[in-house]
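Take a look at the structure below.
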Protein chains: 2
Amino acid sequence: MPMYRLDTIDRRILAALQRDARLSNVQLAEEVNLSPSPCLRRVRQLEAAGLIRGYHAELDRGGAGLGLTVFVGIKVERHHEAEANAFREAVVALPEVVSAHLVSGESDFLLQVVVADLADYERFLTGTLLRLPGVSDIRSNFAIQTVKEYGPLPLTRPEGEGR
Amino acid sequence: MPMYRLDTIDRRILAALQRDARLSNVQLAEEVNLSPSPCLRRVRQLEAAGLIRGYHAELDRGGAGLGLTVFVGIKVERHHEAEANAFREAVVALPEVVSAHLVSGESDFLLQVVVADLADYERFLTGTLLRLPGVSDIRSNFAIQTVKEYGPLPLTRPEGEGR
DNA sequence: TATTCATTGGCATCTTATGCCAATTTTATC
DNA sequence: GATAAAATTGGCATAAGATGCCAATGAATA
């Protein structure tokens with residue numbers, strides 16, 4: 001984890017690219033008050049440092065035929081190292097699983113699953129999730145409405161800089 | 001919701017842009033087996049149709065000083081239309097809230113919150129979340145490990161196309 | 001205040017984006 | 001199955017953007 005010291009311009013760059021990753025370097029440079037050369041150099045540095053992990057298109061789930069989002073809490077049996085890894089690897093490989101976290105609280109894992117509809121989810125639940133190694137309990141919470149999604153990360157201001 | 005009929009090439013374009021939104025149109029065209037002109041035209045159409053909602057940089061949360069992700073379940077009192085909206089709007093406006101859904105099950109809302117550390121979360125919880133209008137119960141689940149994140153949507157194949 | 005190190009701006013060149021039109025393919029209809 | 005109409009594709013010319021290089025500017029240090 002090579003610590004990277006972000007200055008104000010870096011933060012502006014990151015904020016801008018979170019909002020619109022397709023900004024041309026010229027536009028970005030203008031937005032952060034730099035000329036294109038140093039701006040591009042900073043972006044490349046941020047990428048190389050791993051601060052920017054990638055650029056992704058955000059799709060309309062409904063439009064893509066994926067009308068149902070489900071948050072799935074999963075409890076697994078006391079995991080030995082090996083089976084824990086097996087479970088994680090299985091989860092990562094499932095295309096329907098958009099995100100997965102090991103969490104504290106009621107469940108051990110919290111997955112976000114995206115499918116076309118209820119019928120599709122039933123198939124996925126009974127045919128795939130329930131058959132994963134070590135699963136002892138599954139709780140499905142259906143997304144009824146999306147209030148906010150893909151919100152930008154709240155980049156903190158550098159120490160000692162007021163707002 | 002003007003239904004948009006996606007063909008195989010559209011799906012390839014969407015898959016490619018989910019993976020890497022910074023692909024040049026030339027590269028993208030090559031990847032989907034089209035020449036640049038029609039490729040760019042399709043991308044523009046997908047954008048105009050709302051299928052592509054935007055392009056975002058994915059940042060390293062830790063590197064950006066945001067070391068703690070929390071999934072927060074919130075119960076709200078029997079909502080009248082007005083207060084329900086008030087709650088939603090408040091949530092949308094919070095920078096720490098990266099996503100928020102109205103869900104079925106135990107909680108009414110499920111938020112994903114990103115902060116620097118536990119101290120930061122305590123401040124946010126007591127100073128902000130607990131003061132939101134109508135909140136009756138809050139359950140915080142801390143992300144201990146991220147197994148998968150920003151997974152691409154599982155684009156289905158056009159009907160009648162095997163894999 | 002002098003010196004060194006880091007960062008910026010501007011320039012030349014190469015690559016990409018874009019609008020336009022003829023050619024090809026697909027779809028619908030007779 | 002043949003023909004006509006509509007949609008989509010490729011290629012080309014031009015405008016815009018990306019990139020590497022170098023001198024100039026600014027900041028940090030001694």
Side-chain angles (χ1 to χ4, degrees), chain A residues 1-60 63-65 155 157-162, chain B residues 1-59 63-65 155-162:
Chain A
M1 321 294 146
M3 202 34 191
Y4 195 101
R5 192 93 191 120
L6 295 172
D7 66 14
T8 304
I9 292 185
D10 289 322
R11 283 163 203 282
R12 284 204 207 121
I13 289 175
L14 294 178
L17 290 178
Q18 279 194 99
R19 172 170 50 77
D20 181 2
R22 293 285 284 203
L23 283 172
S24 75
N25 182 57
V26 173
Q27 293 173 296
L28 180 60
E30 186 178 4
E31 181 165 338
V32 304
N33 281 310
L34 266 187
S35 64
S37 298
C39 182
L40 182 62
R41 216 170 315 139
R42 277 168 180 264
V43 172
R44 293 289 177 261
Q45 281 183 57
L46 290 166
E47 290 170 350
L51 246 143
I52 296 176
R53 299 180 56 175
Y55 302 93
H56 308 286
E58 175 195 348
L59 307 188
D60 181 291
L155 299 180
R157 286 145 287 298
E159 346 269 317
E161 230 188 86
Chain B
M1 319 303 142
M3 201 37 192
Y4 194 100
R5 192 87 191 128
L6 296 173
D7 66 14
T8 303
I9 291 185
D10 289 322
R11 284 164 202 281
R12 283 202 208 123
I13 289 176
L14 294 178
L17 290 178
Q18 279 194 100
R19 172 169 50 76
D20 182 2
R22 294 283 283 200
L23 283 173
S24 76
N25 181 57
V26 173
Q27 294 173 296
L28 179 61
E30 186 178 4
E31 181 165 338
V32 303
N33 283 311
L34 266 187
S35 65
S37 298
C39 181
L40 182 61
R41 218 170 312 139
R42 278 168 181 263
V43 172
R44 294 288 176 262
Q45 281 182 55
L46 290 166
E47 290 170 349
L51 247 142
I52 295 176
R53 300 180 55 175
Y55 303 93
H56 309 287
E58 175 196 348
L59 307 189
L155 300 180
T156 58
R157 287 144 288 297
E159 348 268 318
E161 232 189 84

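In what follows, every chain begins at residue 1, and chains take the letters A, B, ... in the order their sequences are listed. What you see is a predicted model; the values in this text were computed from it and never measured.
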_Angle between terminal axes - the helix from C/dT1-D/dA30 to C/dC30-D/dG1, 5 pairs each end, rounded to 10°_ = 50°

What is the separation between atom [atom1] on [X] and atom [atom2] on [N], rounded to the nearest whole Å?
| X | N | atom1 | atom2 | answer |
| --- | --- | --- | --- | --- |
| A/Glu30 | D/dA16 | CD | P | 14 Å |
| B/Ile9 | D/dA7 | CD1 | P | 17 Å |
| A/Asp7 | C/dA6 | CG | P | 15 Å |
| B/Arg42 | D/dT8 | CZ | P | 7 Å |
| A/Leu34 | C/dA6 | CG | P | 18 Å |
| B/Arg5 | D/dT8 | CZ | P | 14 Å |

Of the non-hydrogen atoms in [X] and [Y], which two are nearest, and what is the gap between them?
| X | Y | value |
| --- | --- | --- |
| B/Asn25 | B/Pro36 | ND2-O, 3.1 Å |
| B/Ala15 | B/Leu155 | N-CD1, 3.8 Å |
| A/Ala16 | A/Leu28 | CB-CD1, 3.6 Å |
| B/Gly63 | A/Leu6 | O-CD1, 4.4 Å |

*side chain to side chain donor-acceptor pair (under 3.5 Å) partners of residues 28-39 of chain A, not counting sequence neighbours, each pair once*: A/Arg19-A/Glu31

*Got a sec, which residues hit salt bridge (Lys or Arg N to Asp or Glu O under 4.0 Å) with B/Arg42, two or more places apart in sequence or on another chain?*
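Checked B/Arg42 against salt bridge (Lys or Arg N to Asp or Glu O under 4.0 Å); matches are B/Asp7, B/Asp10.
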
_Applying salt bridge (Lys or Arg N to Asp or Glu O under 4.0 Å), can you list everything that pairs with B/Arg22, at least two apart in sequence or on another chain?_
none

Determine all donor-acceptor pairs shorter than 3.5 Å in which one atom belongs to a side chain in residues 44-52 of chain A; sequence neighbours excluded.
residue, atom, partner, partner atom, Å
A/Arg44, NH1, A/Glu47, OE1, 3.3
A/Glu47, OE2, A/Tyr55, OH, 2.6

*asked:* Return a single string for nucleotides 13-28 of chain C, one symbol per nucleotide in 5' to 3' order, where B is base contact, S is sugar-phosphate-only contact and - is none, cutoff 4.0 angstrom on heavy atoms.
replied: ---SSSB---------

